[in-house]
Amino acid sequence: MNAPAPKPWVMAIAPYVPGRATADDGRKLVKLSANENPLGTSPAARAALMAEGDSLDRYPDPGATILRDAVAAKYGLDPARVIYGTGSDDILHLAAGAFAGQGDEVIFVRYGFAVYEIAARRVGATPVIAPDRDYATDVDAVLACVTDRTRLVFIANPNNPTGTFAPRGEIARLHAALPPTVLLVLDQAYAEYLSAEEDDAGLALAMTAPNVLVTRTFSKIYGLAAERIGWGYASAAIVEALHRIRLPFNVTTAGQRAAVAALADTGFVDAARAHNAQWRTWLAGEVAAMGNQGLRAVPSHANFLLVLFEGAVSAEAAYLGLMARGYIVRWLPGQGLPHALRITIGTEAETRGLAAALRDIVGA
Ligand SMILES: *Cc1c(COP(=O)(O)O)cnc(C)c1O
């Protein structure tokens with residue numbers, strides 16, 4: 001054919017399917033499909049962002065200095081080892097781009113975050129999928145996948161779309177058993193939803209281990225998904241490699257300002273965490289009450305619930321029924337979960353409304 005040929009590994013990528021906001025007919029729905037913050041954004045972060053409206057003609061600071069300094073101060077890190085990205089997705093791609101390529105293997109868990117497979121395939125690497133243990137990360141299964149071609153392991157903790165969490169001991173065990181030549185990427189997009197005691201110690205590991213990269217995002221509890229801001233922490237050598245392939249101005253000026261203000265607004269974050277814990281527990285109770293109809297929620301440590309449909313009403317039917325009633329959630333047949341819906345915890349009214357709609361659909 002006389003046309004440019006995309007690389008075969010690029011054509012092997014199944015395009016990412018984002019969470020929807022509208023029905024097929026364009027109707028706006030209550031959006032519980034993208035794990036966004038139902039409380040919105042910290043007012044301080046919004047004000048900081050708006051204040052940058054007068055400097056749109058200037059490129060952002062390519063070193064994201066204020067962002068690195070604020071992150072480092074908050075977590076006791078070396079600012080020189082903080083990498084930043086256009087969302088943490090950017091950093092996941094940087095990791096694959098710098099440490100994997102053709103002939104290399106990249107491991108992640110079945111029912112893991114969809115971006116890992118795209119990031120691996122994009123650079124021509126081979127995705128290797130480790131079996132789960134009742135939807136959760138199984139460290140032994142991950143380790144069993146390691147070969148001399150393994151370059152990278154992606155672990156989301158808590159995991160999306162399952163909400164499951166691997167405790168500190170499991171992460172330590174995984175790291176200890178991995179060859180030192182394998183980069184362990186700990187994706188902590190939902191870490192701020194954990195209680196302090198639950199910390200998986202990923203950041204502590206990244207401070208000392210030469211093969212650990214932790215990633216964080218401002219898209220979830222900080223309510224800044226629209227701005228696309230993420231950061232990561234790893235050894236100086238790893239961060240130096242990531243910088244070589246990073247786009248030069250990958251976090252906007254307003255985004256940097258907003259992120260710094262969001263980090264400082266601990267009241268907003270604490271409120272979001274408390275709201276999430278309360279309504280996640282409440283919704284899990286509602287789902288448990290629909291157990292006779294075959295519904296079961298996977299225990300979640302994040303801002304969503306994965307609900308399994310093992311009875312007469314299928315997940316697809318529930319998905320369509322919820323949409324007809326004004327709610328959009330995530331149905332994930334493309335990720336091997338045709339029997340499940342991922343439901344973001346919304347406001348109180350949204351969560352109550354969602355549960356009532358679900359009861360109506362399953363006849364509970
Ligand atoms: C939402 C999410 C991210 C963050 O994406 P951003 O690019 O930072 O918006 C990363 N990893 C997981 C597992 C997520 O669910």
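Read the numbers this way: they start at 1 and go in the same order the structure lists the ligands and their atoms. Throughout, residue positions are numbered sequentially from 1 according to the sequence presented.
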Original post:
Out of Val139, Ile129, Val142, which one pairs with Val109 under the side-chain contact (heavy atoms from CB on, under 4.5 Å) rule?
Top reply: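 Between Val109 and the candidates, side-chain contact (heavy atoms from CB on, under 4.5 Å) is satisfied uniquely by Val142.
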Original post:
With sequence neighbours left out, which residue pairs that include part of residues 136-145 fulfil the side chain to side chain donor-acceptor pair (under 3.5 Å) condition?
Top reply: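 Every pair satisfying side chain to side chain donor-acceptor pair (under 3.5 Å) with a residue in residues 136-145: Asp140-Arg173.
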Original post:
Going by an N to O cut-off under 4.0 Å, is there a salt bridge joining Glu192 and Arg216?
Top reply: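 Salt bridge present between Glu192 and Arg216.
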**OP:** For the residue pair Glu52 and Ser55, confirm or rule out a side-chain donor-acceptor distance under 3.5 Å.
**Re:**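 Their side chains do contain a donor-acceptor pair, which is all the 3.5 Å distance test asks for.
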Original post:
If you count only heavy atoms, which residues are under 4.0 Å from ligand 1?
Top reply: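 Residue list for ligand 1: Gly87, Ser88, Asp89, Phe113, Ala156, Asn160, Asp187, Ala189, Tyr190, Thr217, Ser219, Lys220, Arg228.
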**OP:** With sequence neighbours left out, write down each residue that passes ring-ring contact (aromatic ring centres under 6.0 Å, His included) with Tyr111, or none if nothing qualifies.
**Re:**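 Residues passing ring-ring contact (aromatic ring centres under 6.0 Å, His included) with Tyr111: Tyr135.
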Subject >> Pairs involving residues 293-328, ordered by first then second residue, that meet ring-ring contact (aromatic ring centres under 6.0 Å, His included) (sequence neighbours left out) >> reply: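 Found Phe165-His301, Tyr190-Phe304, Tyr319-Trp331.
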